[in-house]
Undergrad: 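Structure incoming, see below.
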Amino acid sequence: MSGDVAEGGLRCLVTGATGYIGGRLVPELLAAGHRVRCMARSPGALRDHEWAGDVEVVRGDVTDPDSVAAAMRDVDVAYYLVHALGTGKGFEETDRRAARIFGERARAAGVRRIVYLGGLTPAGVPEEELSPHLRSRAEVGRVLLDSGVPTTVLRAAVIIGSGSASFEMLRYLTERLPVMVTPSWVRTRIQPIAVRDVLRTLVGAARMPEDVSRAFDIGGPEILTYREMMVRYAAVAGLPRRLIVPVPVLTPRLSSHWVGLVTPVPNSIARPLTESLRHEVVCHEHDIARHVPDPPGGPIGFEESVRLALQRVREARVATRWSSASVPGAPSDPLPTDPDWAGGSLYTDRRELTVDAPPEALWRVIEGIGGDNGWYSFPLAWAVRGWLDRLVGGVGLRRGRRDAARLRVGDSLDFWRVEEIERGRLLRLRAEMRLPGLAWLEMYVDTDGAGRVRYRQRALFHPHGLLGHAYWWSVSPFHAVVFGGMARNIARTAARTEPATARLGTPGG
């Protein structure tokens, strides 16, 4: 394999391919002529990506030495793009152990290079004063550098690109608040970088000389305060000038709740982002250009990166989002499919209706659910449920959709995640809101013996303990309104929109 580099490119292993950066890196590596193997805990989450048929997908987890060893076989370059990102009190130890396993297995497999994307750390600040998130990312970089495999550690601050958590935070804070009382960290100097430059550098790092093993700072051409970023974002977006009043009383914890209140980014992700902004994060060298030359004209500037990101958002061409990977703490258990499942209680709410529309029209309504289209049922009840989820640290109802019309397995959809799609027939969603149990929502397109189109809907709940049972019985009186209303409104919408759809599809119409 390794001797075949000139003819077929490098064999690259990408971890974190279901995430924001990993999902964008894969097609860039393919375009550069490399061969790609993706390691994922849930390989099915990658199957609907446009590039899925061009890569090898293997099941694995960075904390499982055997699966990492199998994934490393015949690999030239291994990309480490996973982070625990505040998954609990032990996340630093989890990150440390996973990085150690990755480095050891890469060395045993004869991997030529490890490439890791970490965080830019402030110069002169003792490590114990850094946020746990930044401290852990710095430690992961050191562990990989000490692995005995030539390693490239890329350290970036705020990444600006459509769908990134940093961009979504900046976007919603600026667009929703014409007058802002803000934390003092809005005065912190930051060196943002466009996601296109991050991807260009990640791809270029694959071919670094074997004697290069070190960390590199990467950033855009400008150093700005967060306040300046908000002001310039407003200008690019065509918004009136924002009034920003910094105050010293908002701690990182309070800041994360403030960000969670205004933006779709939940507290579990907002807190490490805001904690990372307490210290100045600017590049102190640009040595990466010796090995990955800057493009003509240099790296993309802040305003151009915002313009490109907004264009992607407005054209609904967001390839991956910050929510592409499961949110920390969200359930990931698959739906029990055994009819005689012995895993305990499984409560079910079933609805079924005849629909006066073709199957295609019904499926378009089903696949378009959520986001701006809503849930076809008692909007106040859904809004309240989203706010309650936010209050207990969940993702809430505002993550929206990656694409306004089309879903793929693994997409986040408000406080659900797409677990299964059989296009034209089935959409299964797994709940990621905070619940005393596991929940799914299924929507089917079917026909009966007389050839009539039927809409079938099933909500399922597997309770955890007595609290889970109490939860189900406390909300079940509202199911007729919430789930019954949803079924009726989906059927009506399909029937109502079909004539207009048919007219639009008529040749010459």
Side-chain angles (χ1 to χ4, degrees), residues 10-26 28-29 34 36-40 60-63 65 68 71-72 75-85 91-109 111-121 127 130 132-159 164 193 195 197-219 272 276 281 283 285 287-288 291-292 325:
L10 300 168
R11 169 66 65 84
C12 300
L13 173 68
V14 177
T15 61
T18 58
Y20 177 73
I21 292 293
R24 297 190 180 207
L25 175 62
V26 170
E28 297 294 327
L29 289 170
H34 301 308
V36 177
R37 176 185 294 157
C38 299
M39 186 179 78
D61 188 305
V62 289
T63 60
V68 173
M72 291 283 187
V75 162
D76 297 302
V77 181
Y79 285 89
Y80 192 80
L81 302 174
V82 292
H83 299 288
L85 195 61
F91 85 93
E92 289 182 85
E93 172 56 32
T94 300
D95 271 344
R96 184 182 307 117
R97 180 164 55 90
R100 190 173 295 123
I101 289 170
F102 196 81
E104 290 172 352
R105 294 304 180 267
R107 182 176 182 180
V111 171
R112 293 180 169 196
R113 176 163 301 277
I114 294 172
V115 181
Y116 168 61
L117 178 62
L120 189 57
T121 53
E127 195 163 287
L130 297 177
H133 166 57
L134 267 184
R135 187 168 60 237
S136 180
R137 297 185 91 173
E139 184 180 18
V140 167
R142 287 199 304 273
V143 170
L144 295 174
L145 284 166
D146 292 341
S147 67
V149 178
T151 297
T152 302
V153 174
L154 302 176
R155 303 187 299 197
V158 171
I159 296 176
S164 77
I193 182 170
V195 68
D197 284 321
V198 173
L199 295 172
R200 175 182 56 79
T201 308
L202 284 167
V203 173
R207 294 195 179 275
M208 280 189 175
E210 290 186 8
D211 61 347
V212 176
S213 186
R214 54 163 288 190
F216 296 88
D217 294 351
I218 60 171
S276 300
V281 278
C283 298
E285 42 85 9
D287 297 348
I288 190 66
H291 308 287
V292 185

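Quick caveat: nothing in here was measured; it's all calculated off a predicted structure.
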Undergrad: So, Tyr79 side chain and Leu25 main chain: donor-acceptor pair closer than 3.5 Å or not?
TA: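 Checking the backbone N and O of Leu25 against the side chain of Tyr79, no donor-acceptor pair under 3.5 Å is found.
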Undergrad: Please give me the minimum heavy-atom distance between Pro65 and Arg105, naming the atom from each residue.
TA: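 For Pro65 and Arg105, the tightest heavy-atom pair comes out as CB-NH2, 3.2 Å.
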Undergrad: Identify the two heavy atoms, one from Cys283 and one from Leu120, that lie closest to each other, and give their separation to 0.1 Å.
TA: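 Closest pair (atom of Cys283, atom of Leu120, distance): N-CD2, 3.9 Å.
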Undergrad: Return the minimal non-hydrogen interatomic distance between Ala206 and Val77, and the atom names on each side.
TA: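 The pair with the smallest heavy-atom distance is O-CG2, 3.7 Å.
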Undergrad: Just how far is it from atom CD of Glu104 to atom CE of Met72, taken to the nearest 0.5 Å?
TA: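 Between Glu104 CD and Met72 CE, I get 11.0 Å after rounding to 0.5 Å.
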Undergrad: Could you give me the CA-CA distance, side-chain angles and deciding distance for Leu202 and Ile21, then say whether side-chain contact (heavy atoms from CB on, under 4.5 Å) is met?
TA: CA-CA 10 Å; Leu202 284 167; Ile21 292 293; 3.7 Å; yes
Undergrad: So, for Val75 and Ala78, which heavy atoms are closest and what is the spacing to 0.1 Å?
TA: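 Looking at all heavy atoms of both residues, the closest pair is CG1-N, 4.2 Å.
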Undergrad: Measuring from atom OG1 of Thr201 to atom NE2 of His291, what distance do you get when rounded to the nearest 0.5 angstrom?
TA: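 Output value for this atom pair is 12.5 Å.
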Undergrad: Specify the closest pair of heavy atoms between Ile218 and Val198, including all atoms of both residues, with the distance to one decimal.
TA: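 Residues Ile218 and Val198, closest heavy atoms: CD1-CG2, 4.5 Å.
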Undergrad: Under the salt bridge (charged side-chain N to carboxylate O under 4.0 Å, His left out) rule, collect the residues that match up with Glu210, sequence neighbours excluded.
TA: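 Listed in chain order: nothing, the list is empty.
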Undergrad: So, for Ala215 and Glu285, which heavy atoms are closest and what is the spacing to 0.1 Å?
TA: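 Here Ala215 and Glu285 meet closest at O-OE2, 4.0 Å.
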Undergrad: Could I get the full list of side-chain hydrogen bond (donor to acceptor under 3.5 Å, both in side chains) partners for Ser136, not counting sequence neighbours?
TA: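 By the side-chain hydrogen bond (donor to acceptor under 3.5 Å, both in side chains) rule, Ser136 matches Asp95.
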Undergrad: Between CZ of Arg112 and CG of Asp76, what distance do you get to the nearest 0.5 Å?
TA: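 Nearest 0.5 Å value for the CZ-CG distance: 5.0 Å.
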Undergrad: Could you check Glu93 against Arg96 for salt bridge (Lys or Arg N to Asp or Glu O under 4.0 Å), going step by step and ending with a plain yes or no?
TA: CA-CA 5 Å; Glu93 172 56 32; Arg96 184 182 307 117; 2.3 Å; yes
Undergrad: Would you please test Met208 and Arg214 for side-chain contact (heavy atoms from CB on, under 4.5 Å) and show each step?
TA: CA-CA 11 Å; Met208 280 189 175; Arg214 54 163 288 190; over 6 Å; no
Undergrad: Mind listing the side-chain donor-acceptor pairs of residues 146-157 below 3.5 Å, one per line with the distance, residues two or more places apart or on another chain?
TA:
from   : atom 1 : to     : atom 2 : distance (Å)
Ser147 : OG     : Leu144 : O      : 2.6
Ser147 : OG     : Val149 : N      : 3.2
Thr151 : OG1    : Leu144 : O      : 3.1
Thr151 : OG1    : Val149 : O      : 2.8
Thr152 : OG1    : Arg113 : NH1    : 2.9
Arg155 : NE     : Asp217 : OD1    : 3.0
Arg155 : NH2    : Asp217 : OD1    : 2.8

Undergrad: Are Val195 and Tyr20 close enough, and set up right, to give a side-chain contact (heavy atoms from CB on, under 4.5 Å), and what steps lead you there?
TA: CA-CA 10 Å; Val195 68; Tyr20 177 73; 3.9 Å; yes
Undergrad: With a 3.5 Å distance limit and no angle check, can you tell me whether Thr15 reaches the backbone of Leu81 through a side-chain donor-acceptor pair?
TA: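 Present.
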Undergrad: Pick out which of Val62, Thr18, Asp61 makes a side-chain contact (heavy atoms from CB on, under 4.5 Å) with Val82.
TA: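 Per the side-chain contact (heavy atoms from CB on, under 4.5 Å) rule, the option paired with Val82 is Val62, out of Val62, Thr18, Asp61.
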Undergrad: Could you check whether the rings of Tyr80 and Tyr116 sit parallel, tilted or perpendicular, using 30° and 60° as the cut-offs?
TA: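 The rings of Tyr80 and Tyr116 sit tilted, inter-plane angle from 30° to 60°.
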